[in-house]
Amino acid sequence: MSDFVSANDGCEVFPEKKEECGLFGIFGDPDAVRKTHVGLHSLQHRGQESAGIATSDGHSIQCYKGMGMVARVFRSGSGALEKLANPIAVGHVRYSTTGSSKAVNSQPLLAEYSRGQVAVAHNGNLINAGPLRDEYEAYGSIFKSTSDTEIIVHLLAKPTHQSKPDPLGHVLGHLRGAYSLIFLFADHIETARDPYGIRPLCIGRTEKGAYVVASETCALDAIGARFVREVEPGEIVRLDRNGLHSRFFVRRGEITPAHCIFEHVYFSKQNSCVSGENVHQLRKKLGRQLAKEHPVEADVVIPVPDSGTSAAIGYAEESGIPFDMGLVRSHYVGRTFISPEQKMREMEVRLKLAIVNEVVRDRRIVVVDDSIVRGTTTRGKIRTLRAAGAQAIHLRVSCPPIRFPCYYGVDFPTKEELLANNRSLDEIRDFLEVDSVGYLSLEGMLSRAALPKDHYCTACWSGRYRIPVDATLNKLTTERYQMYMFEEYSTTHE
Ligand code: SF4
């Protein structure tokens, strides 16, 4: 077994809301590791803190992972991909939701237990990881990370669970919260989705017949695989040399799904299809609905790129106001620096998001953004648009006001830090320093989505948590278990 971890990365100025994680798995392809590498690149928007790939030759698992983006971890010349060349592979890109951003928490998480090796890749957040961990530690279990994912391995290794007819299904029955999972065993892959189907997970097939699993269909497209279907809520799919086998660990259809609709609003890539519909098309529909609900007289509609672009196109189409690019995002500025100086921070914002002065000067502009969390970043953009000579600024947001935190795998600030918490629309308008502000209504958002309204999670807007949560939890809940050798581990090669 090898589990070598690459060197650490720098830090960045964090955005207000962050993607969660991206998963990719492929069984029975001679080029599995390279396809996984490409798949992870296409899922990079879901997590930039760490990346990793585990592969198996059918007998033994190897893993390479490290802090930073895929290109950094698997930089050319490192030889990592060559060492991992095996026909079964699982990859992961991470943004931390439970457990901080450290090499020891990077995935796939590799472990060895009585039945052999297993590497686990997880997207989501287990809301009962803390109590489960307490229980296991009380009986002497030793954990090597602060990630919620590690508890799954301990549950799997427990002898009384191993004796069940379906040990994995039994283990998943202990988990509460959001989880899309891929398990790499020495000779097969098992993939599963929580009973509410909160995080996405889909299955594809390559031209030569190898099965692929990925968080989003954009990863299937990237490697030339065709979409087969989504993994259903509460389903386990096994991929082995005999093909694909499905089973359910909850009674099929018993639970009404709660797919995260924020995947459509913000997280997923525009060319992906999530819950049966294309993300770009739905965002355009949300923009159209927004224009109906909040019309305004203006000269130009500009998006906050990239996630606001599709909704801005929809707003422009519905309102008849011309669309233009007033803000341009630099895709070449990744992790840069955290500067204590205001002037340096402002420079960095300008570097990442530049203004096309000719589009905004002396114009009445509609700025379309996908969502607002704390509001401080948005206010910064508004100020720079004003400084560039915008005559009037009308902010339109293609989702409702976010008033509640997410406990299902998205890192929002605390309730108190959310702009819309305890603020009226007028107060929000004044805080953001805009001439007017308009949010899409919850009803309007759900009316444009393809599935029945009750098939989506809307907790961050409505406060209705389909899986009851402990509001005292946060992403660092397990940090009390922090171990002092982490930094040393982060540069260990085995
Ligand atoms: S609370 Fe919001 S972000 Fe979290 S799963 Fe529900 S809809 Fe998605």
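Note that the coordinates shown come from a computational prediction; the quantities given were computed from them, not determined experimentally. When reading the values below, keep in mind they use all heavy atoms of this one structure, side chains included, and skip hydrogens, waters and symmetry mates. Order of appearance sets the numbers: ligands from 1, and atoms from 1 within every ligand. In this chain, residues are counted from 1 in sequence order.
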- Query: Which atoms of ligand 1 have any heavy atom of Val410 under 4.0 Å away?
  - Reply: 3 (S)
- Give a yes or no on whether the ring-centroid distance for His154 and Phe143 is below 6.0 angstrom. yes
- Geometric cation-pi criterion Arg379 and Phe431, 6.0 Å radius, 45° cone: yes
- If you have a sec, work out which protein heavy atom is nearest atom 4 (Fe) of ligand 1 and how many Å separate them, to one decimal? Cys406 SG, 2.3 Å
- Closest non-hydrogen protein atom to atom 5 (S) of ligand 1, residue and atom name please, with distance? Arg199 NH2, 3.3 Å
- Message: Quick test: of every protein heavy atom, which one is nearest to atom 2 (Fe) of ligand 1, and how far off is it to 0.1 Å?
- Response: Cys460 SG, 2.3 Å
- Item | Gly197 versus His259, closest heavy-atom pair with distance | O-ND1, 2.7 Å
- Query: Should Lys284 and Glu317 count as an ion pair when the cut-off is N to O under 4.0 Å?
  - Reply: yes
- Task: Identify, by atom number and element, the atoms of ligand 1 in contact range of Phe262, meaning under 4.0 Å from any of its heavy atoms.
- Result: 3 (S), 8 (Fe)
- Query: Going by the order shown, which atoms of ligand 1 are within less than 4.0 Å of some heavy atom of Ala459?
  - Reply: 1 (S)
- Side chain of Ser398, backbone of Gly287: donor and acceptor closer than 3.5 Å? no
- Item | Residue, atom name and distance, where the atom is the protein heavy atom closest to atom 8 (Fe) of ligand 1 | Cys260 SG, 2.2 Å
- Query: Quick one: nearest non-hydrogen protein atom to atom 7 (S) of ligand 1, plus distance?
  - Reply: Cys457 O, 3.1 Å
- Residues Glu293, Arg396: salt bridge by 4.0 Å N-O rule: no
